Amino acid sequence: MFGKWKGNNHNQQSVIAGAEKGIRLTGNLDKDRQTIYEGLGGSVDIICTRVLIGSRAAILIYIDGIVDVKIIRQDVLSKLQQVREIPDQQKDLLRYIAEKTLSSGSVKRASLAADVLLEILLGKSLLLIAGSDEGLVIETRGGERRAIDEPPTERTVRGSREGFIEDLTVNLAILRRKIKSPELMIQATTLGRRSRTKVAMVYLTDIADPQIVQEVRHRLSQINVDAVLASGYLERFFEDYPNSLFPQVFGTERPDRVVANLLEGRVAILVDGTPFVLLVPTVFMQFLQGSEDYYERTIIGSAARMVRLLALIITTTLTPVYIALITFHHSLMPTDLLLAVAEIREELPFTPLVEALFMEVVIELLREAGLRLPSTVGQTLGVVGGIVIGQAVISAKLVSPLMVVVVSLATISSFVFPNYSMGLAIRLIKFPMMLLAAMFGAVGIAVGLLFITIHLVSLESFGVPYMSPLAPTRYADLGDTFVVSRIWKHKKRPVSVPHIDNQRIGQAPREQQENEK
């Protein structure tokens with residue numbers, strides 16, 4: 001099922017530069033070609049190919065790079081050139097060519113210059129025929145596209161190696177192959193006055209809550225920007241609390257994750273030109289769960305999830321706790337460790353807070369440098385840079401060896417999270433926590449954690465509490481939150497996500513056997 005809805009008039013009816021809405025095609029090839037050429041800005045990638053259709057002159061206009069050249073050559077130009085003569089009794093020339101000659105998919109007629117220009121910018125081709133005040137718009141969209149490959153940021157040992165790419169049509173086809181159901185609804189609109197980016201909203205009509213679907217549609221229709229270049233642009237408009245560090249929209253490149261969330265009642269937003277798909281509504285625990293949790297045995301998946309929870313605690317509190325112990329709470333440390341730390345710190349010129357901030361900034365610089373460099377060079381820089389700088393600061397007595405270990409362990413823990421956006425947010429949290437620990441010790445850490453908890457509990461995503469099923473407590477969902485429950489126990493859909501059809505599966509095989517006995 002594929003539906004369309006119209007957004008704001010400024011998005012759907014914008015005037016193309018160089019062509020006013022009222023200008024029509026005249027049938028004069030030179031004049032019409034000049035109108036189209038100027039309307040598109042006179043760019044060098046505008047291709048105008050002259051062709052004879054029998055005895056009638058014609059021009060095929062398209063933009064190089066965004067069309068499928070194979071379709072144009074084999075299905076359009078080749079077929080047009082094979083026409084030797086047009087029957088004299090044929091009154092409707094355009095209809096004859098569209099039905100008897102062209103075989104490149106959808107073909108439609110257009111007479112307004114503004115409509116024609118928009119179709120060409122979308123990757124279609126325009127056929128102008130001498131003497132006809134209408135043109136044929138031919139579906140020829142294509143061009144170079146990236147092959148389907150495993151997402152680099154969400155790799156799994158087991159599971160699908162399939163990931164979304166930058167082509168919206170391909171991404172929708174991937175979802176169609178995974179959900180072979182007529183209830184899979186795909187609705188599309190165009191956003192961006194200049195980019196004219198196609199955006200699709202996907203959901204299951206018999207599962208998704210109509211109020212959430214309507215809210216997503218409403219927020220999309222309110223977007224009025226020059227361009228939508230990636231799904232991150234839409235994420236800013238979907239967040240109810242834009243000043244929060246925590247992401248309130250879940251982004252993923254994995255089709256299996258999108259399908260699993262659609263089956264829970266969520267809505268997916270796909271943007272042409274980006275492989276990241278947005279899912280709403282979103283809860284905090286969703287960011288700590290990996291798709292591979294359900295591909296392994298239950299104990300293995302539960303252990304992996306507990307490791308992520310441990311990594312969350314280590315990343316946010318390990319460095320602040322160390323600073324608080326060194327600065328205020330010496331009595332809580334073992335005597336041998338306290339004496340060793342005191343001996344090392346006698347030769348250090350800086351406070352624990354300055355040491356920690358210095359090391360954190362250095363690691364963040366290395367991380368950013370590694371992302372911007374080629375993969376092989378970036379990996380080398382990360383390993384060699386970390387070893388060299390760590391040894392250098394210890395030898396120069398700028399940072400204690402124990403501080404290097406603490407900061408390194410906290411940094412490694414921050415890379416455990418399956419979602420990149422959440423990993424960034426959690427890494428930033430430890431900086432104010434370090435300041436509180438340096439000023440107030442354990443009391444500062446407790447106040448910081450309390451503030452973070454209150455903030456998380458106050459967040460919502462499309463009306464759904466961000467900390468659900470923890471706050472408010474949804475007892476039916478707790479069994480699959482901190483640990484992975486068995487698939488045959490998933491009889492009902494998660495209560496945390498509003499939905500229509502609550503029944504997921506029937507009786508489990510084991511229960512059926514018990515009932516038969």
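Everything numeric here is computed off the predicted structure, so don't read it as measured data.
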> Are a donor atom and an acceptor atom from the side chains of R33 and N28 found within less than 3.5 Å of each other?
no
> So which heavy atom on H499 is nearest to which on P494, and how close?
CE1-O, 3.0 Å
> Can you name the closest pair of heavy atoms from F462 and I212 and give their distance?
O-CG1, 4.5 Å
> Is it the case that the side chain of T140 and the backbone of G123 share a donor-acceptor pair, with hydrogens and angles ignored and the cut-off at 3.5 Å?
yes
> Quick one: which of L279, I186, V267 gives a side chain to side chain contact (heavy atoms under 4.5 Å, CB included) with V202?
I186
> Is there a donor-acceptor contact under 3.5 Å linking the side chains of E183 and S181?
yes
> What's the separation between atom CG in L128 and atom CD1 in I36, rounded to the nearest 0.5 Å?
6.5 Å
> Tell me, do E253 and V277 make a side-chain contact under 4.5 Å, heavy atoms counted?
no
> Answer yes or no: is there a donor N or O on one side and an acceptor on the other, between the side chain of S414 and the main chain of R427, under 3.5 Å?
no
> Just by modelled atom types, is the V495 backbone N or O under 3.5 Å from a matching donor or acceptor in the D477 side chain?
yes
> Going through the checks in order, is the side chain to side chain donor-acceptor pair (under 3.5 Å) test met by S111 and R24?
CA-CA 6 Å; S111 58; R24 292 180 173 271; 3.1 Å; yes
> Between Q286 and N261, is there a side-chain donor-acceptor contact under 3.5 Å, judged purely by atom types and distance?
yes
> Answer yes or no: is there an ion pair linking E292 with R308, defined by an N-O contact shorter than 4.0 Å?
yes
> Does some side-chain heavy atom of D501 sit less than 4.5 Å from a side-chain heavy atom of R493?
yes
> Determine whether V258 and F164 make a side-chain contact, defined as any pair of heavy atoms from C-beta on separated by less than 4.5 Å.
yes
> Roughly how far, to the nearest 0.5 Å, is the CD atom of E264 from the CD1 atom of I207?
10.0 Å
> Ion pair present between E119 and K108, side-chain N to carboxylate O less than 4.0 angstrom?
yes
> Carefully, step by step, assess E215 and R217 under the rule salt bridge (Lys or Arg N to Asp or Glu O under 4.0 Å).
CA-CA 5 Å; E215 180 63 21; R217 186 182 292 115; over 6 Å; no
> Do D480 side-chain atoms and S485 backbone N/O form a donor-acceptor pair below 3.5 Å?
yes
> Could you grab the distance from atom CE of M201 to atom CG of L270, nearest 0.5 Å is fine?
11.5 Å
> Rounded to the nearest 0.5 Å, how far apart are CG of D293 and OG1 of T298?
10.5 Å
> If you compare all heavy atoms of R56 against all heavy atoms of G131, which two are closest, and at what distance to 0.1 Å?
NH2-CA, 4.2 Å
> Below 4.5 Å, heavy atoms only, C-beta onward: do Y466 and H455 meet side chain to side chain?
no
> Ion pair present between K178 and E162, side-chain N to carboxylate O less than 4.0 angstrom?
yes
> Between R194 (side chain only) and A227 (backbone N and O only), is there a donor and an acceptor less than 3.5 Å apart?
no
> Going through the checks in order, is the side-chain contact (heavy atoms from CB on, under 4.5 Å) test met by L136 and R109?
CA-CA 5 Å; L136 286 180; R109 307 168 79 159; 3.9 Å; yes
> Please report the interatomic distance CD1(I174) to CD1(I165), rounded to the nearest 0.5 Å.
6.5 Å
> What I want to check is whether the side chains of E154 and S291 have a donor and an acceptor closer together than 3.5 Å.
no
> For D149 and R161: C-alpha separation, side-chain torsions, deciding distance, then whether side-chain contact (heavy atoms from CB on, under 4.5 Å) applies.
CA-CA 6 Å; D149 197 4; R161 295 290 188 271; 6.0 Å; no
> I'd like to know if the side chain of K492 pairs up with that of Q503 as donor and acceptor (distance under 3.5 Å, no hydrogens or angles considered).
yes
> Considering only NZ, NE, NH1 and NH2 on the basic side and carboxylate oxygens on the acidic side, decide whether D240 and R219 come within less than 4.0 Å.
yes
> Donor-acceptor pair, E150 side chain versus T156 backbone, under 3.5 Å?
yes
> Please name the residue in the list L77, T49, I47 that meets the side chain to side chain contact (heavy atoms under 4.5 Å, CB included) test with I72.
L77
> Can any side-chain N or O of S468 pair as donor or acceptor with the backbone N or O of V464 at less than 3.5 Å?
no
> Is there a side-chain contact (heavy atoms from CB on, under 4.5 Å) between D133 and T26? Walk through the geometry before answering.
CA-CA 5 Å; D133 59 357; T26 63; over 6 Å; no
> Quick one: does any side-chain atom of S244 pair with a main-chain N or O of Y241 as donor and acceptor, under 3.5 Å?
no
> Going by the angle between their ring planes, with limits at 30° and 60°, are F250 and F287 parallel, tilted or perpendicular?
tilted
> Rounded to the nearest 0.5 Å, what separation is found between the CD1 atom of I63 and the CG atom of L121?
4.5 Å
> Will you find, in the side chains of S160 and D256, an N or O donor that is under 3.5 Å from an N or O acceptor?
no
> One thing to verify: whether R50 and D30 come together as a salt bridge, which I'm taking to mean a side-chain N less than 4.0 angstrom from a carboxylate O.
yes
> Which atom pair, heavy atoms only, marks the closest approach of A200 to L168?
CB-CD1, 4.1 Å
> Would you confirm whether S231, through its side chain, and V271, through its main-chain N or O, come within 3.5 Å as a donor-acceptor pair?
no
> Show your working on side chain to side chain donor-acceptor pair (under 3.5 Å) between Y62 and D45 and close with a plain yes or no.
CA-CA 8 Å; Y62 59 90; D45 57 349; over 6 Å; no
> Does any non-hydrogen side-chain atom of V69 lie less than 4.5 Å from one of R73?
yes
> Does Y37 form a side-chain contact (heavy atoms from CB on, under 4.5 Å) with T35? I'd like the steps, not just the answer.
CA-CA 6 Å; Y37 187 76; T35 299; over 6 Å; no
